[in-house]
Amino acid sequence: MVKDMHAAAVLKVSCQPLCRPNGPNRIRRATTTTGASPGALYPTAPLMSDGCTSPGPAQPHGRPRASTLFNTNSRAPAATQRAGYYYALQTSRGHPVPEKLPLPPALEQRELSAMGSVLEEVALGFGGLAGDLREVYESGRTRDLEWRRSQLRGLVRLLEDKEEGIFDVLRADLGKHRAESFRDEVGVLKKSVVDKLQNLKKWAAPEKAHAPLVAFPATALVVPEPLGVVLIFSCWNLPIGLALEPLSGALAAGNAVVVKPSELAPCTSAFLAANIPKYLDPKAVKVVEGGADVGDRLMEHRWDKVLFTGSSRVGRLIMTKAAKHLTPVALELGSKCPCIVDRLDSSRDSQVAVNRIIGAKWSTCSGQACIAIDYVLVEEEFAPILIELLKSTLKRFFTKPEYMARILNEKHFNRLSSLLADSRVSASVVHGGHCNPKTLSIEPTLLLNPPLDSDIMTEEIFGPLLPIITVKKIEDSITFLKSKPKPLAIYAFTRNEKLKRRIIEETSSGSVTFNDAIVQYGMDSIPFGGVGHSGFGQYHGKYSFEMFSHKKAVLKRSFLIEFLFRYPPWDESKVGMLRHVYRFDYVSLFLALIGLRR
């Protein structure tokens, strides 16, 4: 009967937003009652936060303001057959033209019963959802090592079976090329999950710890145990990786999980909601779609850990709400990641450095990434050489518009455009600067010494604009960095070992990478995370497992030996024996016990 009620409710809906390309022409599909023509498509105004419109204004991270963080963007399920296409703006001879594209498979059909349960949970405030997951966890089902392996294998199958579907939704949401999507999300994620599968038994095994001789016979262990029921908020710029990488760690650790994808990547959100239940245990892993009120209601409940990826502003809100239940929180936030470029004597080294700078700025979601290079520090004399190399290489790399992702949405586009609207900033542009609101694209832009007090140098850019700041000596860059908040990453291109040591010892950041950029994100052997204003908590590889585990200390002793100097009544001889114990002076302790030494 509940299902019939949901079906009746669906048939009353006159229009519903679909997986909406974030371009200027968005599509809304009419759902129909009996006798109407199904699958009608027509362009609408930009979609806003009322369920048929786009979310709130983007901040430097491209994320919504605090007041619009959780704006509901849920879609009513379709009860009728639909045409499987949407329209997106493509470029032909420099002019935008609409092209009919296949609808991403994730949105071809939505399970009526599954969607009905989500609608119920929204109405009930997710109390039932959290309770059901805790019941599953308490049953012990998620602790079983074979269950954990089966979930990781399910993630690998999802990435293999749905690779083309992932490419489709990332193109629809962000305009990413399939090669970029594979490099930054599918390929790197599959590698990471396989690594967890291969090492899970070792990571989950109790680790022996040292037990002092005075405790003999005794065994000390550190036993990793799952935290319980965890909540993951992912972000829109790497919407597959930032959802499934922490999910893989939480599952490997044996937790029940709720994943809340970003509503700003609606196609990817719908893809995850449609496919995760097919490949993972649907009773232990839930996907909840939506915006402000959905996230707000989720945070009203007790979780054993919350991971949030997003802006500092929203991170503060998450921490405030988590404090009510003393919920531990990990925050992956943004920052202005600097790149120090030393004078490189070899022309080959200079070209390699420029290739990697461009890859880390414009080839990763068009600079819309928390670990993208935000600005460059370079010596005055070397700056002209660097700029010319950047110009020529940009022309070689981006020969077609589709090789670079588009800006997320109009709000984010307008924010980036406004950075260039400052006359002091626009005067510093030495390359690029063209903005096309019709295609939501901004040309790769180089700026030489924009004012340090301008917005472009005080806010995280999160886009394809690259300021180049000159210093007298490259060592001055360290002083410059020490005056700024701690970034998520520092990059430096140099052969100077003394400079490398100074950067490591005198600066603080989530990570430091020499002679490359962003690649540290894809390494499973080192942790990824921020420090200070750029966040706290580390994951990737084994660190994803550890983020969602508790290291429980276990000490086993026997009844064989008992030292009465531990207990009252007290005297100086007992204090003396305790001194020997804490100094690990077992010879003196033995002599004191047999009465040969006080």
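Starting from 1, each residue takes its place in the sequence as its number.
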Looking at every heavy atom in both Gly334 and Cys370, which two are closest together, and how far apart are they? CA-CB, 4.1 Å
Is the backbone of Gly359 close enough, under 3.5 Å, to the side chain of Thr364 for a donor and an acceptor to pair up by distance? yes
Output yes when a side-chain donor or acceptor of Asn255 lies under 3.5 Å from a complementary backbone atom of Leu227, and no otherwise. yes
Under the salt bridge (Lys or Arg N to Asp or Glu O under 4.0 Å) rule, what pairs show up with a residue in residues 521-545, not counting sequence neighbours? Lys191-Asp524, Lys542-Glu546
Got a salt bridge between Glu402 and Arg178, using NZ or NE/NH1/NH2 to carboxylate O under 4.0 Å? no
Indicate yes or no: does Arg149 engage Glu146 in a salt bridge with an N to O separation below 4.0 Å. yes
Could you list all the ring-ring contact (aromatic ring centres under 6.0 Å, His included) pairs where at least one residue sits in residues 314-334, not counting sequence neighbours? none
Any ring-ring contact (aromatic ring centres under 6.0 Å, His included) pairs touching residues 145-199, not counting sequence neighbours? His177-Tyr403
Say whether Tyr137 and Asp304, considering side chains only, have a donor N or O and an acceptor N or O under 3.5 Å apart. no
Criterion salt bridge (charged side-chain N to carboxylate O under 4.0 Å, His left out) on Glu245 and Lys196, from CA distance to verdict: CA-CA 10 Å; Glu245 169 58 36; Lys196 292 180 180 67; 2.9 Å; yes
Are Trp236 and Phe462, when compared by the centres of their aromatic rings, separated by less than 6.0 Å? yes
Given side chains that start at C-beta, do those of Cys365 and Glu180 come closer than 4.5 Å, heavy atoms only? yes
Of Phe528, Tyr539, Tyr491, which meets ring-ring contact (aromatic ring centres under 6.0 Å, His included) against Tyr521? Phe528
